[in-house]
K.L.:
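Encoded as C-alpha cells, here's the structure I'll be asking about.
Computed from a predicted structure; not experimentally measured. These numbers come from the heavy atoms of this one structure, side chains and all, not from hydrogens, waters or symmetry mates.
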Amino acid sequence: MLRTLGAALAAALTLTGLATSTGAVQPPAVQPPTVAAATPTPGPTLTCPPALPVSGRVSGATTTSLTITYSLILFPPCGYDPPMVVTLFASREDATERRNPVAEAVSGPERFGDVTIDGLTPDTDYWFRFSDTHGTQDPYLIGGPGRTLSTSTCAASATIDNQWYGGFIATVTVRNTGTEPMHDWLVKWRWSGDERIQTIWGGVAEVTGQNVVVHNASWNGTLAPGASTTFGLMVAVSGWSGGFTPVCGR
C-alpha cells in the first residue's frame with residue numbers, strides 16, 4: 001500500500017517538473033526581469049552654411065594662357081583642402097556636363113592663390129570648373145568665359161581737325177600693326193577735364209565718368225594686316241581742351 005502511494009506521488013511530481021531523475025524535488029526556476037534595450041541617441045546633423053565652398057575668376061590672360069584666381073572658402077566636409085584642379089572647357093554646355101575638357105592645371109598648397117593654364121588657342125573663350133585631387137567635383141561654380149588675347153595688334157592716334165573755345169572735332173585712326181587679321185577692335189582713353197562727346201561716327205562709345213571706350217561700328221571691325229580705319233567725334237568742353245591720347249586694344 002505504501003509502495004503504491006509513493007509510486008503515484010513520484011509520478012505526479014515528474015509530470016509537474018518538480019522531480020529530478022533522482023527523485024529530488026526542485027524549486028521552480030525564477031526568470032530574470034526583461035530589460036528593454038536602450039535606444040541610441042542620434043548625434044547632431046551637420047549643416048553646411050549656404051556659401052560656395054570655392055570661388056574663382058579669370059585674373060589674367062595672354063595669347064596662349066589664362067590665369068584663374070581662386071579662394072577655398074570652406075573646409076571639409078563642407079568644402080575642400082588644396083591643392084585644387086582647374087579644368088577648362090570650350091563652351092558653357094561642355095562645362096556644365098563636364099565633357100570634352102581641353103586643358104587643366106593643379107594649384108599649389110595655398111587656400112587663396114592663382115593657377116595659370118597654358119597651351120591655349122589665341123582669341124578664344126574658355127569656361128572653368130573646380131575639383132580636388134581626390135576626384136571630388138565641385139557641383140556649383142561654372143566660371144567664365146575667360147578669353148585669351150589675340151595675336152593681332154593695333155595702334156591708335158588722334159588728330160584735332162578743328163578746335164574752338166568750348167569744343168573741338170577730332171579723327172581717330174585705328175591701324176592693324178600685326179601679321180594676322182584683326183576682328184572687333186576697341187580704343188580707350190581718359191579725358192583730362194570735363195570733355196563730353198556730343199556726336200560720334202564710325203564707332204560706338206561707352207562713357208563712364210572721364211573714361212571713354214569706343215568699339216568699332218558694324219562695318220569697320222575687321223582689319224587686314226597693315227590696314228586702317230577711322231572714327232570721328234565732336235566734343236564739348238568748358239574752355240579749351242587738353243586733347244586725349246587713345247590706346248588701341250581688341
Side-chain angles (χ1 to χ4, degrees), residues 36-153 180 182-186 188 190 204 206-213 215 247-250:
T39 302
T41 303
T45 301
L46 175 66
T47 301
C48 294
L52 287 178
V54 57
S55 67
R57 62 182 177 84
V58 177
S59 57
T62 69
T63 56
T64 59
S65 72
L66 289 177
T67 297
I68 312 297
T69 296
Y70 67 91
S71 299
L72 299 183
I73 302 170
L74 301 178
F75 291 84
C78 296
Y80 310 102
D81 280 331
M84 296 296 288
V85 180
V86 184
T87 306
L88 295 186
F89 302 86
S91 69
R92 185 176 181 85
E93 292 75 19
D94 283 352
T96 300
E97 300 295 330
R98 288 187 178 270
R99 66 190 180 200
N100 304 322
V102 297
E104 69 178 24
V106 180
S107 77
E110 304 83 9
R111 297 194 63 85
F112 305 91
D114 299 320
V115 179
T116 297
I117 305 177
D118 212 334
L120 307 180
T121 303
D123 201 21
T124 302
D125 286 333
Y126 293 94
W127 285 255
F128 63 89
R129 300 293 303 268
F130 286 104
S131 60
D132 64 19
T133 53
H134 303 292
T136 304
Q137 298 175 340
D138 177 71
Y140 303 108
L141 181 64
I142 302 176
R147 191 176 187 89
T148 52
L149 300 182
S150 172
T151 55
S152 62
T153 57
E180 299 290 335
M182 181 174 64
H183 306 280
D184 300 331
W185 49 262
L186 65 83
K188 55 188 176 181
R190 180 177 175 85
V204 179
E206 297 177 0
V207 179
T208 305
Q210 292 179 292
N211 298 308
V212 180
V213 175
H215 298 266
V247 177
C248 186
R250 192 196 67 78

K.L.:
Please report the closest heavy-atom contact between P49 and C78, naming both atoms and the distance.
P.N.:
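Heavy-atom minimum between the residues: CD-SG, 4.2 Å.
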K.L.:
List for me each residue that meets salt bridge (charged side-chain N to carboxylate O under 4.0 Å, His left out) alongside D114, sequence neighbours excluded, and say none if there are none.
P.N.:
none
K.L.:
If we check side-chain contact (heavy atoms from CB on, under 4.5 Å) with L66, which of these qualifies: T124, V58, V86?
P.N.:
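Running side-chain contact (heavy atoms from CB on, under 4.5 Å) over T124, V58, V86 with L66 returns exactly one hit, V58.
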K.L.:
How long is the straight-line distance from OG1 of T148 back to CG of D118, given to the nearest 0.5 Å?
P.N.:
10.5 Å
K.L.:
Rounded to the nearest 0.5 Å, what separates atom CZ in R111 from atom CD1 in I73?
P.N.:
9.5 Å
K.L.:
With side chain to side chain donor-acceptor pair (under 3.5 Å) as the test, pick out the partner of Y80 among T136, T133, D132, D138.
P.N.:
D138
K.L.:
Hey, is the main chain of S65 close enough, under 3.5 Å, to the side chain of T62 for a donor-acceptor pair?
P.N.:
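Yes, because the side chain of T62 sits within donor-acceptor range (under 3.5 Å) of the backbone of S65.
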K.L.:
Taking all non-hydrogen atoms of both residues into account, name the closest pair between P109 and P82 and its distance.
P.N.:
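So the minimum-distance heavy-atom pair works out to O-CG, 3.1 Å.
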K.L.:
What are the two closest heavy atoms between L141 and G56, and how far apart are they?
P.N.:
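Scanning both residues completely, I find the closest heavy atoms to be CD2-N, 3.5 Å.
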K.L.:
Is any side-chain heavy atom of E97 less than 4.5 Å from a side-chain heavy atom of F89?
P.N.:
no
K.L.:
Could you measure the distance from the CG atom of D123 to the CD atom of E180? Nearest 0.5 Å is fine.
P.N.:
10.5 Å
K.L.:
What's the spacing between I68 CD1 and M84 CE if we round to 0.5 Å?
P.N.:
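It comes to 13.0 Å.
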K.L.:
Hey, what do you get for NE2 (H215) to CG (L186), rounding to the nearest 0.5 Å?
P.N.:
5.5 Å
K.L.:
Between R129 and I142, is any pair of side-chain heavy atoms under 4.5 Å apart?
P.N.:
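Yes. Closest side-chain heavy atoms under 4.5 Å.
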K.L.:
For G79 and P53, which heavy atoms make the closest approach, and how far apart are they?
P.N.:
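Smallest interatomic distance, heavy atoms only, reads CA-CB, 3.7 Å.
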K.L.:
Not counting sequence neighbours, list each pair that qualifies as a ring-ring contact (aromatic ring centres under 6.0 Å, His included) and has a residue in residues 102-133.
P.N.:
F128-F130
K.L.:
What are the two closest heavy atoms between I117 and A105, and how far apart are they?
P.N.:
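Of all heavy-atom pairs spanning I117 and A105, the closest is CG1-CB, 3.7 Å.
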